[in-house]
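See below for the structure under consideration.
Remember, predicted model here, so these are calculated numbers, not experimental data. Per chain, numbering begins at 1; letters A, B, ... match sequence-line order.
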There are 2 protein chains.
Amino acid sequence: MIKRYASSTDVARLAGVSQSAVSRTYRPGASVSEETRRKVLAAADELGYRPSRIPQIMLTHRSHLVALVIGGMYNPFYSSVLEAFVARLQAEGWQPLLVHVDNDCAFDDVVPTLASYRVDAVVSALAILSDDSVRQLEQLRIPVIAFNASSFGDRVVSVSSDNVLAARLVADHLVARGARRLGLIAGLVESSAGRERQAGFTARAGELGVPVAIQAGGFRYEGGRAATRRLFEGPMAPDGIFAANDLMALGAIDALRVDLGLRVPDDVLVAGFDDIPSASWAAYDLTTVLQDAPRMVDEALRVLHSAAELTTARPGRIVVPPVLIIRGSTDRPVAPVQVA
Amino acid sequence: MIKRYASSTDVARLAGVSQSAVSRTYRPGASVSEETRRKVLAAADELGYRPSRIPQIMLTHRSHLVALVIGGMYNPFYSSVLEAFVARLQAEGWQPLLVHVDNDCAFDDVVPTLASYRVDAVVSALAILSDDSVRQLEQLRIPVIAFNASSFGDRVVSVSSDNVLAARLVADHLVARGARRLGLIAGLVESSAGRERQAGFTARAGELGVPVAIQAGGFRYEGGRAATRRLFEGPMAPDGIFAANDLMALGAIDALRVDLGLRVPDDVLVAGFDDIPSASWAAYDLTTVLQDAPRMVDEALRVLHSAAELTTARPGRIVVPPVLIIRGSTDRPVAPVQVA
DNA sequence: CGCAAGCTTGCATAGCTAGTCATGCGCGAT
DNA sequence: ATCGCGCATGACTAGCTATGCAAGCTTGCG
């Protein structure tokens, strides 16, 4: 194997000093004479030397690596969360190790890899942590922070929007704008966020005495479009639709306009969840729930800092308040809400 | 500092064997008796032990870490490339280290960090490699693979679509479908992909004797929308628009329909570049150029494998053929092409 | 029963950095 | 002149795993 990087010993030899002197040159506050520092830096520059973190990991038992588990990048909300996360982690001296999980490669399969790189923590932006993998990570004493997934509330720390409250607000809003027959496009049953949005919406609709028809859309555009067509094949054609994420809501709008020849918002109101960039595009102008991604990332980092000291994070749940963004897709005169 | 992970020595002590025996248990093909293996695995299970790659990195001078540099995740094309890349890297035994670069944090700032983790290679999915940082990486002998960026063709390996050819095909197509006054929405001058698309398009339009007006859109939806409005403030209102990426093309369609009250494709043809998911949504149905992301990732990995052996990749350029996807946004009868 | 061959096991070590400890030097104070 | 102090420097070591080497054991065969 060819040696790629120069070591502090190489630099020391070239500079005619000891390895300690090299190390001290890069350690702020260490005692090095100007003369020695100059010689070391000259030699380091010649060899392209940068101190390695690898031996330090062995000595301190801290890698400053954080595993970021992804697997649903089709949703732009998660790409923006990812980008925000990476930027913040980096700014605070962590390094994100990216791990992909999907049907071919389950979370359980990558746990040994994570452990072998001695990551300090795992952040999952997906709801597909299996019970088994959580137990494995627990045994390895790796703190786990789950994003928008509260299923394992007693084992891991979760950071999420207040999905139930947000969905209730959407129900209120749709009914206030005159909807009397609601349609709900659900996500995936595996997703606790999706389940919470469904629960909040149906609960509030029930309180308001408004019926809700439900179809699953799998969190994707095509799923939302197909689910909308199915809603209109049923006995109760809805006049207000809430999709558990924006992608499905955009599919719903296209189904209504293109497939069913209906107008939005004139014939049917539509609301989504996430506030992805395309939600505000002129063709859609979608009413949606803003998830405060920067705030969520902040909270996750706060947990990370405390978890870094201990061997495990104190399990719990952090909920970030949502904001209802009202746009053209529900733009109709306000009707009085009739509480049943 | 609290010790988080068990070491092979810990396992050896518990199992009543030597550290070598533990190591050999996890090394396929090594000579270990069934009895010893059983004891080791039992002890390892109890302690939650996984072999560490960290000392191995020191011994072999190979980290199997690949730095993935991102910074434009607003474009869904890059999220899909990222996801594909991570999945493939992982399947082949690499681990992606994610690095974010933006205005606050230039590439040069993160080079020391990359070096300190002893990454085996750097993959940049962005065109913002500075000349200085390429030189730094060259001195550190870290191979660099640039995605869709050929500016540093003589220093790094680049993998990209055939942007020039694709843009020529788009020009042909728009003119064949009857456009006689073309508009081009350019990306960023820093992007070589954008420059190539512009060059190919204007060159072919020139050959066909069709005039082209140009406005910059910065690769973003809002930029594309504003650029389109500016195109129509000029002396030559275009009847065919090519945007250097899909996001700007979608902005163009919305500008035409919502801001300018025109019809697509009846009044103006629109084509984009990337084939992001929203390009095929019913509201847009955008003609675009498919960049074969899986193929591009394949090629990048091939380079990576050869670069892993050497200390540096042989500079060069790999070009992947593009595919023109014709959809409704240019759906008009074919007119005969008049070569000037 | 003796010996060789093969399998198994433990010991020792490389690889790199940060920090501890001891040493040496210069200089001011006594 | 001597002592002590502060600074600078080098030697040494911890931390963990894979592997070469030597030694011990078993087994089969003569």
**Report entry** B:Arg4 (side chain) donor-acceptor with A:Asp120 (main chain) under 3.5 angstrom
**Finding:** yes

Query - Value rounded to 0.5 Å, distance of CZ in A:Phe219 from CG in A:Asn75 - result: 8.5 Å

Query raised in the report: Given atom CG of A:Leu47 and atom P of C:dC16, what is their separation to the nearest angstrom?
Result: 13 Å

Query raised in the report: Roughly how many Å is it from CZ in B:Arg37 to C1' in C:dT9, rounded to a whole number?
Result: 14 Å

Query raised in the report: For B:Glu138 and B:Arg135, what are the C-alpha separation, side-chain angles and deciding distance, and is it a salt bridge (Lys or Arg N to Asp or Glu O under 4.0 Å)?
Result: CA-CA 5 Å; B:Glu138 205 170 41; B:Arg135 207 156 31 74; over 6 Å; no

Report task. Kindly say if B:Lys3 contacts the phosphate of D:dG15, meaning a side-chain N or O under 4.0 Å from OP1 or OP2. Result -> no

Enumerate all atom pairs, one protein N or O and one N or O from nucleotides 5-8 of chain D, separated by less than 3.5 Å.
unit_1	atom_1	unit_2	atom_2	d
D:dA8	OP2	A:Ser31	OG	2.7

Report summary line: With sequence neighbours left out, the residues meeting side-chain hydrogen bond (donor to acceptor under 3.5 Å, both in side chains) with B:Gln291 are B:Asn148, B:Ser161, B:Asp274

Please tabulate, for the side chains in residues 6-22 of chain A, all donor-acceptor contacts under 3.5 angstrom to protein atoms that are two or more places apart in sequence or on a different chain.
unit_1	atom_1	unit_2	atom_2	d
A:Ser7	OG	A:Thr9	N	3.3
A:Ser7	OG	A:Asp10	N	3.3
A:Ser7	OG	A:Asp10	OD2	3.3
A:Ser8	OG	A:Gln19	NE2	3.4
A:Asp10	OD1	A:Arg13	NH2	2.8
A:Asp10	OD2	A:Lys3	NZ	3.0
A:Asp10	OD2	A:Ser7	N	2.9
A:Ser18	OG	A:Ser20	N	3.4
A:Ser18	OG	A:Ala21	N	3.3

Report task. Examine B:Tyr26 together with B:Tyr49 and report whether their ring centres are nearer than 6.0 Å. Result -> yes

Query raised in the report: Looking at A:Glu299 and A:Arg295, does any basic side-chain N land under 4.0 Å from a carboxylate oxygen?
Result: yes

Query raised in the report: Measuring from B:Ile54:CD1 to B:Leu59:CG, what's the distance to the nearest 0.5 Å?
Result: 12.0 Å

Query raised in the report: Whole-Å distance between D:dC16 C1' and A:Arg62 CZ?
Result: 16 Å

Report task. Whole angstrom is fine here: how far is it from CE in B:Met58 over to P in C:dC16? Result -> 8 Å

Requested in this report: Return the angle between end axes of the helix from C:dC1-D:dG30 to C:dT30-D:dA1, with five pairs used per end and rounding to 10°.
Outcome: 60°

Report task. Ignoring hydrogens and angles, tell me if any N or O in the side chain of B:Gln95 forms a donor-acceptor pair with the backbone of B:Ser63 under 3.5 Å. Result -> no

Query raised in the report: For A:Glu92, which residues count as a side-chain hydrogen bond (donor to acceptor under 3.5 Å, both in side chains) partner, sequence neighbours excluded?
Result: A:Arg88, A:His305

Report task. Would you sort out whether A:Ser160 and A:Arg317 count as a side-chain hydrogen bond (donor to acceptor under 3.5 Å, both in side chains), showing the intermediate values? Result -> CA-CA 8 Å; A:Ser160 58; A:Arg317 177 139 192 227; 3.1 Å; yes

Query - Rounded interatomic separation in angstrom, taking CG from A:Asp10 and P from C:dG15 - result: 11 Å

Report summary line: For nucleotides 17-26 of chain D, 5' to 3', base contacts (B), sugar-phosphate-only contacts (S) and non-contacts (-) with protein non-hydrogen atoms under 4.0 Å give BBBB------

